Amino acid sequence: MSGGGRNVNGNLNAVFYSEAYHPIQAGSIDGTDTLPHDNAVYRAFLCSSAGLYDPLGDPKLLGDPYCTLFVGHLSHLTTERTLRKAMSKYGLVKNLRLVRHIVTGASRGYAFVEYETEGEMQRAYKEAHHSLIDNSKVIVDYNRQQLMPGWIPRRLGGGFCGKKESGQLRFGGREKPFRAPLRPIPYDELERLGIPPPPEGRYMSPYQVPSPPRRKRSSMDREESTHKRSMDREANMCKSSPVEKEERFYKRYIDPEDSSVRSSTETEEHYHNRSSVDRAERSHRSSRDRDERSHRRISRDRDEHSHKRSSRDRDERAHKRHKSRHRERSTSRDRY
């Protein structure tokens with residue numbers, strides 16, 4: 001058994017968290033035990049060694065594990081409705097499953113909450129931990145059943161936390177991390193059992209929030225992200241003014257050495273000439289717009305005048321017809 005060091009700078013408050021689950025290590029306060037200290041740990045070790053537990057074999061597992069949180073220490077009075085309302089403060093809740101007793105239907109005090117995005121899950125992971133729901137201080141953790149290698153649940157002797165009175169405390173999780181060991185680390189024994197050793201030199205403060213696993217991005221995802229950024233950049237360029245486009249073109253495609261040796265006077269002349277061209281273009285455009293407006297106004301006045309004249313002609317013709325009829329009637333009466 002080879003010896004190791006002590007925790008960093010003698011800090012008694014240094015801690016570390018488990019990245020992979022091992023039942024014997026989870027039963028140790030500093031992660032260096034090599035023998036199971038209770039029957040439950042031994043049972044969990046047997047399940048792990050024999051592969052008797054399949055974390056992905058639960059038919060009730062639904063949704064994206066990277067967007068799903070475990071919420072524990074819930075009050076038995078908490079319902080799906082109150083839990084959804086409380087967790088919706090951190091993002092849009094997509095799915096929620098409050099675990100209930102298969103016979104009585106009573107709440108078992110924990111639930112799984114899936115958010116629409118991974119960012120919303122990360123926010124709830126940081127802010128909802130130790131919040132109050134129905135006067136109960138809840139614990140929030142990521143979905144270890146699907147994301148933590150080697151996971152064994154509490155019902156098989158594994159899990160994390162626990163009560164001191166029961167003698168079945170489990171360490172390495174968010175609520176009860178491992179303490180930095182104060183004794184020599186048995187590296188050989190830990191390696192023989194497949195237990196990861198404490199991360200000497202990389203301990204954390206108990207006030208630091210351990211980061212949950214993040215989705216590994218494939219090369220295809222990276223290409224899609226790069227393509228999307230390129231499309232957004234081109235769209236923004238299309239919305240830019242001609243002057244901004246010319247500036248970006250110059251910065252991107254002109255030889256950097258040439259641009260660096262250009263004097264400030266040349267730069268001022270360049271922008272002055274460009275401003276003159278821009279002013280000339282604007283002046284030409286404004287004069288053309290004035291000509292078009294004047295032409296439209298003249299056409300409109302001509303149309304109105306023509307319309308008025310045609311109306312006057314119609315009125316005159318109608319008046320003449322009326323006088324002619326009146327004259328004809330008067331003549332016919334005189335004749336008889």
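By convention here, the first residue in the shown sequence is residue 1. Since we're looking at a predicted model, the values are computed, not measured.
- Aromatic ring orientation, W151 versus Y21: perpendicular (interplanar angle above 60°, classes split at 30° and 60°).
- The backbone N or O of T34 lies less than 3.5 Å from no partner atom in the side chain of S28, so there is not a single donor-acceptor pair.
- Counted within 6.0 Å of CG on D58, heavy atoms from surrounding residues, nucleotides or ligands total more than 12; the atom is thus considered enclosed.
- Separation of the F16 and F178 ring centroids falls under the 6.0 Å cut-off.
- In this structure a side-chain-to-backbone donor-acceptor pair under 3.5 Å is missing from R170 to F160.
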Requested in this report: Assess whether salt bridge (charged side-chain N to carboxylate O under 4.0 Å, His left out) is satisfied between R183 and D30, documenting all intermediate values.
Outcome: CA-CA 9 Å; R183 60 177 182 171; D30 61 1; 3.6 Å; yes

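- Checking H129 against E175 by side-chain atom types alone, a donor-acceptor pair falls below 3.5 Å.
- Under the 3.5 Å distance criterion, the side-chain polar atoms of E118 are left unmatched by any main-chain donor or acceptor of R214.
- Side-chain contact of Y110 with R108: a donor-acceptor pair under 3.5 Å is absent, judged by distance alone.
- Using modelled atom types, no side-chain atom of S48 and backbone atom of F45 make a donor-acceptor pair closer than 3.5 Å.
- Remark: side-chain polar atoms of Y142 are not paired, donor with acceptor, to backbone N or O of S211 under 3.5 angstrom.
- The backbone N or O of I133 sits nowhere less than 3.5 Å from a side-chain atom of S136 that would complete a donor-acceptor pair.
- Annotation: R179, atom CZ; neighbour count of heavy atoms from other residues, nucleotides and ligands within 6.0 Å does not exceed 12.
- Salt bridge annotation for K94-D64: absent, with no cationic side-chain nitrogen under 4.0 angstrom from a carboxylate oxygen.
- Under the ring pair (Phe, Tyr, Trp, His ring centres under 6.0 Å) criterion, F112 pairs with F70, sequence neighbours left out.
- Counting only distance, with no hydrogens or angles, the side chain of E120 and the backbone of L92 share a donor-acceptor pair below 3.5 Å.
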**Report entry** Step-by-step side chain to side chain contact (heavy atoms under 4.5 Å, CB included) determination, Y66 to L147
**Finding:** CA-CA 8 Å; Y66 289 96; L147 298 180; 3.7 Å; yes

Report task. Show your reasoning for whether side chain to side chain contact (heavy atoms under 4.5 Å, CB included) applies to R97 and N95. Result -> CA-CA 7 Å; R97 180 167 71 96; N95 290 308; over 6 Å; no

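- Applying the 6.0 Å contact sphere to CG of D291 captures more than 12 heavy atoms from other residues, nucleotides or ligands.
- Listed for the T78 side chain is no donor-acceptor partner under 3.5 Å among the backbone atoms of L74.
- Geometric assessment of R174 against the ring of Y125 yields a positive cation-pi assignment under the 6.0 Å and 45° thresholds.
- When atom types are taken as modelled, the side chain of E189 and the backbone of P186 share no donor-acceptor pair closer than 3.5 angstrom.
- Judged by distance alone, with hydrogens and angles left aside, the side-chain atoms of H22 form no donor-acceptor pair with the main-chain N or O of I195 at under 3.5 Å.
- The line from CZ of R84 to CZ of R81 is 11.5 Å long, rounded to the nearest 0.5 Å.
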